[in-house]
**Q** 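Dropping a structure here in structure tokens format, bear with me for questions.
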Amino acid sequence: MRDRENGFIEIDRRDPGYRPKDQRVRDCRAVELRLTDGELVEQSARCMDCGIPFCQGARSAVGCPVKNLIPEFNDQVYHDQWRQALELLLAGGCFPEFTGRICPAPCEASCVCGLYKAPVAIRQIELAIIEKGFERGYMQPRPPAKRREEKIAIVGSGPAGLAAAHTLNRSGFRVTVYENAAHPGGILRYGVPDFKLEKWVIERRIGLMEAEGIVFETGVEVGADISYRFLKKRFDAILLTGGARRPRNLEVEGRELEGIHFAMPFLTQHNMRIGGEAVKAEAAILAGGKDVVVIGGGDTGSDCVGTSIRQGARSVTQLEILPEPPPLRSEETPWPLWPDQRRDSSSHAEGCMRRWSVQTKAFRGTDGKVKELCCTDVEWVATKDGAKSPREIEGSGFSVKADLVLLSMGFAGPGRNRLVEERGLALDERGFVRRDADNMTSEPGVFVAGDMSRGASLVVHAIQDGKQAAAGIGRYLAARGDA
Amino acid sequence: MSQGPQGLYDPSYEHDACGVGFVVNIDGKTSHAVIERGIEVLRNLLHRGATGADANTGDGAGIMVGMPDGFLRAECGNAGIDLPAAGSYGAGMFFLPRDRERRETCMRTVVETAGEEGLRFLGWREVPVDGAVLGERARLEQPVVMQGFVAGVEPVGGALERKLYVVRKQIERRARSVVNNREEFYIPSFSSRTIVYKGLMTATQVSGFYADLRDPGFESAMAVVHQRYSTNTFPSWSLAQPFRYLAHNGEINTLRGNLNWMASRERNLKSDLFGDDIGKILPIIEEGGSDSACLDNALELLEAGGRSIYLAMMMLVPQAWGAKYPMGPDLRGFFEYHAGLIEPWDGPAAVAFADGRYVGALLDRNGLRPARYTVTKDNFMVFASEAGVLDFEPSDVRERGALRPGQMIVVDLEEKRLLRDYEVKMRLARRRPYRRWVEENRIDVHGFFNAVSPVQPDRATLLTRGRLFGYTREDLRWIMDVMASEGHEPVGSMGSDQPLAVLSERPQLLYWYFKQMFAQVTNPAIDPIREELVMSLMTFLGSPDQILNEVPQHARLIKLRHPILSNEDLERIRNLRQEGFWARTLPIGFRAGGDGAAMQAALNNICRLAESAVTAGYRIVILSDKDLPEGEAPIPALLAVAAVNRRLIEKRLRTSVGLILETGEAREVMHFAVLLGYGASAVNPYLAFDMVADMALQKQLSVEQRVAKAIEHYVTAVCKGLLKTMSKMGISTLRSYRSAQVFQAVGLDRTLVNRYFTGTSSPVGGIGLDEIAAEANARYRAAYEPPQGAPELLPHGGQYRYSVDGERHLWTPDTVRLLQWATRTNNPDLYRQYAELINNQARGLCTLRGLFRFKQVSPVPLEEVEPVEAIVKRFVTGAMSFGSISREAHETLAVAMNRLGGMSNSGEGGEDAARYEPLPGGDSRCSAIKQVASGRFGVTAEYLINARDLQIKIAQGAKPGEGGQLPGHKVNAEIARVRHSTPGVSLISPPPHHDIYSIEDIAQLIYDLKNANPAARVSVKLVSEVGIGTVAAGVAKGHADMILVSGYDGGTGASPLSSIKHAGAPWELGLAETQQTLVLNGLRSRVRLQADGQLKTGRDVVVAALLGAEEFGFATAPLVVCGCVMMRKCHKNTCPVGVATQDPELRKKFTGKPEYVVNFFGMIAREVREIMAGLGFRTMDEMIGRSDLLEMNDAIGFWKAKGLDFSDVFHRPEAPPDAYRCTEKQDHGLGGALDNDIIEALGGAVETGRKAVVKMPVRNVNRTVGTLVSSRIVRRYGAAGLPDGTITLRLRGAAGQSFGAFCSRGMTLILEGEANDYLGKGLSGARIVVKPYRAAGYEASENIIVGNVVLYGATAGEVFINGRAGERFAIRNSGADVVVEGVGDHGCEYMTGGRAVILGATGVNFGAGMSGGIAYVYDETGQFDNNCNLDMLDLELVDGEEDRGELKALIEKHAALTGSRRARQILANWDQCLPRFIKVFPMEYKRALGRLSREDAETRRKAMVND
């Protein structure tokens, strides 16, 4: 056995990489490859088992938000003890098979090993443990030994809703999840493309949750199909996990032109098609044969790039108003903070032109259809209060050809939600649903979790928020019981 | 005035150590000359005593003599008292109240009691005294001294003595009702054979005070003398020595246990000699006595009970007799028989004793006190702590000797013979057929302690049981895995930053409210690895309950090799069914959910059942928490054991029974140590066995192995850990450790402690039974009602490292990150965020100071507060050796501190001389503080001269009382050079400084260092524990300039996890106690105080200043500033940020800069200033010791903190304003050094470098000769010194301690006569020659000529000794060459370099821990390998040409320089003698020199782990 103390010095990080470009863009299957067992054991030997594992700094601004017991499961993998590793892994996040695939891994950004060389391949190890768990049949339904009387309704089946449902159900509560789409999963199902997260992974998990006793009611819109009063009467607590659905718009000249869409409908349609759901032909947003411009340089934008390429776009350009981040960690975000640095996804590598510090001034088109974007370069200058703001560089104007423009500039608030409006739940200054330390909204017994309240963020944050809301609901019900 | 307890000061913590001796005319001839010579001995031991703030009041001195019948007869005649024949009257010495009325009451009591007991009271004689010679404080308390005379109707001899004993005990008890103050009424002696004159005085005052002693008619054949050096601030008349039978130099570490056991024996005392009088002598041990006084009480009981005084002494302070000790079967039988009878009074001891017929002395098993004697041709003998206390004509001397560890020497005045050790022991061993008694009566348990059989754990319930007993994943993964896999305790580093048990929100085991005590200064720790042969875990079940008679049945015992019982062994004991060994099992549960009252009721019930079991004849009580009935939660095992032990002691039943614990709780070494320390006889940790077995079966051990093997390893690790824990306190045997309670409590309610842990200190109070019950209930709920959906895992624990689901820590991802970011960018906002996270303890209470609050006072404007530049000068960085941290890190800190004007600390690994030169640009890498630690690595004359502060490291927070080891693979060429050793050779630091075994020794070392560098101040680093105040007082009396109080929690070095967490106390307590004690006795103004241990913010600094610190040390935080991310892997050499590693690749990752460190201290100082402004202080000086401005923060409503009470911590004794901080300089007395005369005689030889010879007489009071001269040479010429032979000192006489210490090249010291301890300490290139007086009439090679611990830490030079040396010869020598003609025990211990030629016999344990250098031993008997510790050595013939040449050259030089007859004989018969030489060649050294064959080098050897 290799002496583990020197593992981080002697062993280099190995990433599994992706399927070959020309092959992967022709299908919608997952692009990322997997490490072999042997490689994983070796990679786990790189974990330094730190006195302060920054990777799991859940109480802090750094590291894994779901309290994953990273050094401990690494150690078990190192000793080829997958069952123990699984138990440790399951004590942290609820759905390692999701985060193991799509989490940007803040744990790795704060890994101490990263100070020396590349960080430990924590996400790969996480994924391997949970997949091994399914493969070997360790992942059996674990329904609660004792059922409680209290019932809980969860409105929304994205990562926050699922995490709350999982946690509450395991504690013995009776949980029903309402989802207005045809299938549960929320953003995981309809936002994240298959090439990152194949949908059978979600179905496998939903199956397990159902077997543990969670009821999923899909195709039901709360507020329309069933009322708040109905929920209130039938359930002891209601948790809203509706996500952040209201996209940030770009209100410039020509915005009304045909061919300019928000990213999320584009991605959702694509996911529905793959999942065999019907998409109305007249509403279809398709990139095939088009010059596609994606405005917004984040993850959603990147997903649009990859999806456009798979649909056969003629060209894909991605514009970002912020300056190009440095290739390595910037000084403003020293280790172990989440680094401000340039990230290139598998989609970018598939053929995409990227530009930074670009402001879109107007859309131009013919026949009501968008044809090009008028842009300028900007520079970022410090304002009086120390922040930075963009300033147009004179004479830098240029245009970009476009048949399809996808706006992925983030989310400004929860989508329209009848229940929120009907009950007049208090919102914060940003327009998200306000909550207390137990995740309870201004309406007693009504809770909120995930992007709907904290704003658009990572799946892993939504999961942690769901767990936290479950704990809050538990406390609320316990206190109510005492009273 | 003597002081009672106040604040944190308690007089019971006092220690003493002293000069002791006796003179005797072996022929029994009485004379006044004996008295005079006794007093002369006393005078020559003066420097071993101490004086307090009042320089004329000594700590006490006295003399015990044989009854001066002629003198008393004449005196009594004058007073009208008619004395009967000598030997048929008793004379009592009385200290009486000055108040007339009370005095008369006392005197009446004496007369009446004597009468009631059938004695005639003959009359009183007022002893003429002269109070004018005394110091002021002594005079204030001076008693009226009277002698009272009694005679029996018939008893004489032993019977009369016994009667006098009974009478005295009665008088003492009765007088207490009149004068409840030991100081006012005390009986120094009451005997028909001896009389004691003593008092609170210095040696020189004794004969001045007592006119009797000056009277020519005052005659005796013997005199025992004693000069006391007490740490105590308020020494007393009654505690002066000699006591009635003995005078003791040393300290009994196991006192509490010995007292408990003695008390337990009282109920069953029976003796035909005493008959009905036996009840009148209780209590055996007088209240309020010192440890020595208690030992005297025990001795007098055994003596009066019919044993000879030397037999009694051997019972109380037995020598080592374990399997590793070479010894015959009869003598071993003697010791084993008596071991079953009584536990050793363990601790350093040189004891002189006398009962009128016998006068003698013995040394304890460790032999850590010097004991030298001289016998003249006319049968006069002097024994003393030093050689040279009496001058004899050299030609009159017949023998010069020394006692070896465990040896005794006795003069029988009736037979007029001197009995040497072997003769005494032979007499003892064959008094009775002890060996046969032991063999015939020992209870044999079939299969006992054989191999353990594999445990089959019940997996289904393991998690539940684990939760019930508070197991954590950390326990399994970090503690038990290492123990079971490797057979030793796990090692960690970077201190402890999690909350104290009382501040934790997680249920804590009761053990964690206790902190281990450890030896510092007043007595040495032991090396449990290298000196294992003196240690023992052996213990008995079924101790005899009666000690005054001697019958074979006392040996009817079950002998346990160690106290950890396997499941089978416990069952064997349970089912023994042997007469007298019936076992009763008592469950220790209480109703789950019950409160403190419920637990108390359950405890009472258990105690009651235990008591009735014992009275019903059960001899073994098993307390068990196994398979408790449903609905019952286990009572913490420690509480149950302590309660039962206490009850049985109170009922005087404890010695009648063995108390075994069957518990699921105990798992780590600390648990076992506390259980044994509070009375358990043996422990069966059944659940720990299950856990280990499960780990082995589940392949969770890091070294895969079978279950039985894993359990064996685990038990081995516990045993090693217990030895280490005991050794830390200087305790050698488990039998004395048991019940010795060497712990202090932090966070336990005092009522609870007084009830169950009686005698344990708990300075801040804390939780009571309610909270203990609540924690037990929490564990019960976690086991049986876990929250649904919780993972099927034990909790993490998080005691040793941060984890999201574990205990809180101060160093977290956020604090580390913010501190690094703040200091790199010098950003005050980020610093404030960091400081807020640390200081705002309402959220995460971790430390005691977190509960403090500053009182509201009127502030001053910030700009009036002294500037940051002044404040940072008070900051120092902690001692971290180059070797433990990288060169980059070490130099970064040094440069930064030099820029600030603060001080950095070299640590204990020496320093590269290149760093003494400033860098271009003005920066300096020279560490201002140079540490002198027990390993003395790199401590050369040059090192010492390049310091502003010389710091004696007595202990370090991470592992007080322990040594360390730098494994060979870490010793690279650079480290080896700086440490004066060989690359690849392990370097072992011994647990104690081998020149500090006692409080008077530290005074000596301080004096040595001051001589080596008069410009530097000398500081002493102590670690916080209860009693540190009195230790500090002793150190201040020893003339330290600064005392550092370290918290237990600090410490960057690697050490056993149990030591990091469980040894020592928070600095808040130690600092406050030190401040209060020093202020109370007027010593504070002479010494500065520094505090360190997890200081992180300006608030921490202010708290420390208010509690009394003038300076502040930081270690972890500056390392974090330099990039440390708290990997806690410093011991692995794999530090990824280049801080704690020597790996060149990893060192490249070091990102620290001096600027960051400067930024850090600047920001700390700014925070300090802001707080100072708020508190209304303009200068730091005003703030020091203003503990009145602190109060408890009641706003923090943490449930367990409610019972804490800091009023004793905040106590501020009354004193003048300048007595709270250092306002004056110590007088080191360098002016009186002999070197001043030498320097004058040398003229300007040092400066000019011309040759010079100085001739002078020398005496034992001339200490540290040559060192001042050397310091001048080194300051001028550096390490190179002067050319060989430039300066020659020819001295004649008995040299004092530390002769030639740190002397440099160019000096030759030739001593004709003899020398005391520490000859050639730290020798740095000089040559020392010691030879007997030319006129000496004895064979030099058979006599002791130099004392113990010769050449300690020498780095270069030559020493030639024509005669034998004492114990621990050439210990830690790393470069000097030496020839000697015989050595005592532990020769060449820890040696790493140089050559030692020994032309005669050696004692035992030669070469223990010797990793380098070579010794050549002339082995005439062929027995040398028996005496050698072969763990690290190969013994070879001297057959290489090179070796032969080297050996012969050294012997030739020896012959030429000393004229040694032995050397000449060997050289004359070289071919015959050469084959008898054995070359002692350490294996590692051999490998490093490339002398090991390839195959041999490849053999895997188990590294010895103790770091």
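Every chain is numbered from 1 and lettered A, B, ... according to where its sequence line falls, protein lines coming before strand lines.
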**Q** If you count heavy-atom pairs under 4.5 Å between each of B/Arg477, B/Glu1145, B/Arg824 and chain A, which one has the most?
**A**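 The option with the most such pairs is B/Arg477.
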**Q** Chain B heavy atoms under 4.5 Å from A/Gln81: which part of the residue, side chain, backbone, both or neither?
**A**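 The side chain, not the backbone.
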**Q** Which bit of A/Leu69 is near chain B, if near means a heavy-atom gap under 4.5 Å: side chain, backbone, both or neither?
**A**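 When you check distances to chain B, only side chain atoms of A/Leu69 fall under 4.5 Å.
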**Q** With rounding to the nearest 0.5 angstrom, report the CZ to CH2 distance, B/Arg817 to A/Trp335.
**A**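 If we round to the nearest 0.5 Å, B/Arg817:CZ and A/Trp335:CH2 are 10.5 Å apart.
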**Q** Ignoring hydrogens, what is the shortest heavy-atom contact between A/Asp49 and B/Lys1129? Give both atom names and the distance.
**A** O-NZ, 3.4 Å
**Q** Among the options B/Lys1148, B/Arg801, B/Arg1128, B/Gln698, pick out the one with the most heavy-atom pairs lying under 4.5 Å from chain A.
**A** B/Arg801
**Q** If we ignore hydrogens and angles and just use 3.5 Å, is the side chain of B/Gln788 paired with the main-chain N or O of A/Lys146 as donor and acceptor?
**A** yes
**Q** Side chain from CB out, backbone as N, CA, C, O: work out which of these in B/Pro787 comes under 4.5 Å of a heavy atom of chain A, or both, or neither.
**A** neither
**Q** Measuring heavy-atom distances to chain A, does B/Val1137 have an atom under 4.5 Å in its side chain, in its backbone, in both, or in neither?
**A**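 For B/Val1137, the contact with chain A is made by the side chain alone.
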**Q** Considering all heavy atoms of both residues, which atom of B/Tyr802 and which atom of A/Gln56 are nearest to each other, and what is their separation?
**A** O-OE1, 4.3 Å
**Q** At a 4.5 Å cut-off on heavy atoms, which part of A/Gln76 comes close to chain B: side chain, backbone, both, or neither?
**A** side chain
**Q** Report the residues that fulfil salt bridge (charged side-chain N to carboxylate O under 4.0 Å, His left out) with A/Arg136, sequence neighbours left out, ordered by chain and then residue number.
**A** none
**Q** Between A/Lys117, A/Arg142, A/Gln84, which residue shows the highest count of heavy-atom pairs closer than 4.5 Å to chain B?
**A**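 Looking at each option in turn, the highest pair count goes to A/Gln84.
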**Q** Give the member of A/Ile9, A/Asp75, A/Ile70 that has the highest number of heavy-atom pairs under 4.5 Å with chain B.
**A** A/Asp75
**Q** I'd like to verify something: which residue of A/Glu331, A/Glu72, A/Arg83, A/His166 has the highest number of heavy-atom pairs under 4.5 Å with chain B?
**A** A/Glu72
**Q** Determine the minimum heavy-atom distance between B/Lys1149 and A/Tyr116, stating which atoms define it.
**A**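 Closest approach of B/Lys1149 to A/Tyr116, heavy atoms only: NZ-O, 2.9 Å.
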**Q** I'd like to know whether NZ of B/Lys970 has more than 12 heavy-atom contacts from other residues, nucleotides or ligands below 6.0 angstrom.
**A** yes
**Q** As an exercise, state the distance from SG of B/Cys1135 to CE of A/Met48, rounded to the nearest 0.5 Å.
**A**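 Answer for the SG-CE pair, B/Cys1135 versus A/Met48, is 8.0 Å.
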**Q** Can you tell which of A/Leu337, A/Asn169, A/Thr167 has the highest number of heavy-atom pairs within less than 4.5 Å of chain B?
**A** A/Leu337
**Q** Calculate, to the nearest 0.5 Å, the distance between atoms CD1 and OG1 belonging to A/Ile52 and B/Thr815 respectively.
**A** 6.0 Å
**Q** Can you tell me if NZ on A/Lys132 sees more than 12 non-hydrogen neighbours from other groups inside 6.0 Å?
**A** yes
**Q** Picking from A/Pro144, A/Gly51, A/Ser110, A/Ala145, which has the most non-hydrogen pairs under 4.5 angstrom with chain B?
**A**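 Option with the greatest count: A/Gly51.
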**Q** List the atom of B/Thr1134, the atom of A/Phe8, and the distance in Å for their closest heavy-atom pair.
**A**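 Looking at all heavy atoms of both residues, the closest pair is O-CZ, 3.2 Å.
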**Q** Identify whether the distance between the nearest side-chain nitrogen and carboxylate oxygen of B/Lys699 and A/Asp80 falls below 4.0 Å.
**A**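 Salt bridge flag = no for A/Asp80 with B/Lys699.
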**Q** I need the residue from B/Tyr800, B/Trp821, B/Trp811 with the largest number of non-hydrogen atom pairs under 4.5 Å to chain A.
**A**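 Result: the option with the highest number of such pairs is B/Trp821.
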**Q** Return the CG to CG distance between A/Asn6 and B/Leu1146, rounded to the nearest 0.5 Å.
**A**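 A/Asn6 atom CG to B/Leu1146 atom CG measures 8.0 Å (nearest 0.5 Å).
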